[in-house]
Amino acid sequence: MMSCQAWPEPVVRVQALAESGLSSIPACYIRPHSQRATNTTTTFAPHQASQTDHNHVNNNIPVIDLQHLSGEDQVLREEALRRVSEACREWGFFQVLNHGVSHELMKSVRELWREFFNQPLEVKEEYANSPTTYEGYGSRLGVKKGATLDWSDYFFLHYMPPSLRNQAKWPALPSSLRKVIAEYGEEVVKLGGRILKLMSINLGLKEDFLLNAFGGENELGACLRVNFYPKCPQPDLTFGLSPHSDPGGMTILLPDDFVSGLQVRRGNDWITVKPVPNAFIINIGDQIQVLSNAIYKSVEHRVIVNSNKDRVSLALFYNPKSDLLIEPAKELVTEEKPALYSPMTYDEYRLYIRIKGPCGKAQVESLTSQT
């Protein structure tokens, strides 16, 4: 069993706290008043929009059907490409349907992970993680002593490049989980490659530009973070995940089918995303903001918790190879729009979140060149 000594305080499993029947949450999970979710949040379900939702249609994260991209109809293909471009420029978030990943596989991987989290604590503790690798079973981000914590547990594992893939570190129970993780990773990484190609085309770059900038299909980085958000007796006082933009390239999220929790920042509003059945939620990370010279921007998001339901989601982070320099594409740098960011490796970049934990968009905004 790995030691938790390297964490600044003893690690408490949030699921165990939630199951203990407590009626108020410990102080270390309580957000200051100014940082709590407010009642002004816009909520809607894109696939259930009624007449009364009509005014909120523009607040809906776009839903894009990818089947038109491989069809014969040129008009539908152009329209789908345009919608992806618009979503990347204006939202930083969109949902995709007909993405090529088996619906059975999506359902199965979510159910198996739920089974993992519902096992006895001592089974899960065998995979307890440390801040040095993050790989394994965890309950906090960042090593800042006395930090306000999020109401969630997680399991983090490496999938790409294949040299980092270590099945011995993946859960052995349920018995089919390792096999399903491998299948799921392969399918979702393939989807990520397709989406990067669309982004490259829309930026006016060669279609393999972003994939090559990430290190190519055998060297890119991909890791899976499975989030478990236990029910919470005081959901208004805390977050399942604090506001942040994703430090990596792009995130492909398989949300919980039954419980909403993801909120996306839109101006001063926070919009609760209601997932469309069998869709993935895609969002742009800080590295694509840098590579596109801020034509595409990562967007702050957070997760709220529920008073009577647990929630499970799977985030596959599709990232550049950790030691490659990431900088704005030369083709997107002009005299009128000089490079906004200096070159930096993804390894250097993600060290920040590993020390401080999630903190809005403070990191990527601090990097803008002052030219």
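Scope of the values below: all heavy atoms of this structure, side chains included, with no hydrogens, waters or symmetry mates. Position 1 is the first residue of the sequence, and the numbers go up from there.
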Evaluate the side-chain proximity of R31 to S242: yes if any heavy-atom separation is below 4.5 Å, no if none is.
yes
Between CZ on residue R83 and CG on residue L198, distance to nearest 0.5 Å:
13.0 Å
Less than 4.5 Å apart, any side-chain heavy atom of V299 and any of I284?
no
Rounded to the nearest 0.5 Å, what separates atom NZ in K309 from atom CG in D256?
9.0 Å
Would you tell me whether H301 and D246 have side-chain atoms, one donor and one acceptor, within less than 3.5 Å of each other?
yes
To the nearest 0.5 Å, what is the distance between CH2 on W91 and CG on N283?
13.0 Å
Are L211 and S200 side-chain neighbours, meaning at least one heavy-atom pair lies under 4.5 Å?
no
Parallel, tilted or perpendicular, as decided by the 30° and 60° cut-offs, for the rings of H99 and F280:
perpendicular
Over 60° means perpendicular and under 30° means parallel, so classify the ring planes of Y346 and Y349, tilted if in between.
parallel
Reported CG-to-CG distance for the pair L112 and L173, which is rounded to 0.5 angstrom
11.0 Å
Can you classify the ring geometry of W151 versus Y29 as parallel (below 30°), tilted (30 to 60°) or perpendicular (above 60°)?
perpendicular
Any side-chain heavy-atom pair from H244 and E300 closer than 4.5 angstrom?
no
Pairwise side-chain contact, P8 with R140, heavy-atom cut-off 4.5 Å (strictly under)
yes
Side-chain donor-acceptor contact under 3.5 Å, D323 with T345
no
If you measure from CG on L316 to CE on M250, what distance do you get to the nearest 0.5 Å?
8.5 Å
Counting only heavy atoms not in E217, do more than 12 sit closer than 6.0 Å to its CD atom?
no
Take Y184 and S108 through the side chain to side chain contact (heavy atoms under 4.5 Å, CB included) test and state the conclusion after the steps.
CA-CA 10 Å; Y184 180 80; S108 167; over 6 Å; no
May I ask you to check if R225 and Y134 form a cation-pi contact, with NZ or CZ under 6.0 angstrom from the six-membered ring centre and within 45° of the axis?
no
Show the nearest heavy-atom pair for residues Y127 and W170, with the distance to one decimal.
CE2-O, 3.6 Å
Answer yes when R114 and E111 have at least one side-chain N-carboxylate O distance shorter than 4.0 Å, and no when they do not.
no
Can a side-chain donor-acceptor contact be found between S139 and D153 if the only test is distance below 3.5 angstrom?
yes
Result of checking F228, Y137, F116 against F155 for ring-ring contact (aromatic ring centres under 6.0 Å, His included)
F116
What I'd like to find out is whether the side chain of P328 reaches to under 4.5 Å of the side chain of L340, using heavy atoms alone.
no
Taking atom types as modelled, is there a side-chain donor on Q289 or Y341 under 3.5 Å from an acceptor on the other?
yes
Using side-chain heavy atoms (C-beta onward) and a distance below 4.5 Å, is V290 in contact with D286?
no
Before giving the answer on salt bridge (charged side-chain N to carboxylate O under 4.0 Å, His left out), spell out for E125 and R13 the whole-Å C-alpha distance, their side-chain angles and the decisive distance to 0.1 Å.
CA-CA 10 Å; E125 285 294 355; R13 302 305 178 193; 2.9 Å; yes
Report whether L196 and F317 are members of the same hydrophobic cluster (ILVMFWY, side-chain heavy atoms less than 4.5 Å apart, transitive linking).
no
Does this structure show an ion pair linking E78 with R82, if we count only N-O contacts that are shorter than 4.0 Å?
no
Under 3.5 Å side-chain donor-acceptor pair for E115 and Q119:
no
Using atom types as modelled and distance alone, determine if a side-chain donor or acceptor of K297 lies under 3.5 Å from a backbone N or O of G92.
no
How far apart are the C-alpha atoms of F239 and S152, what are their side-chain angles, what is the distance that settles it, and do they pass the side chain to side chain contact (heavy atoms under 4.5 Å, CB included) test?
CA-CA 8 Å; F239 286 119; S152 59; over 6 Å; no
Say you draw a straight line from CG of D236 to CD1 of I30; how long is it, rounded to the nearest 0.5 Å?
12.0 Å
Is there a side-chain contact between E135 and N129 in this structure, where contact means two heavy atoms from C-beta onward sitting under 4.5 Å apart?
no
Please confirm whether the backbone N or O of M344 pairs with a side-chain atom of E327, one donor and one acceptor, at under 3.5 Å?
no
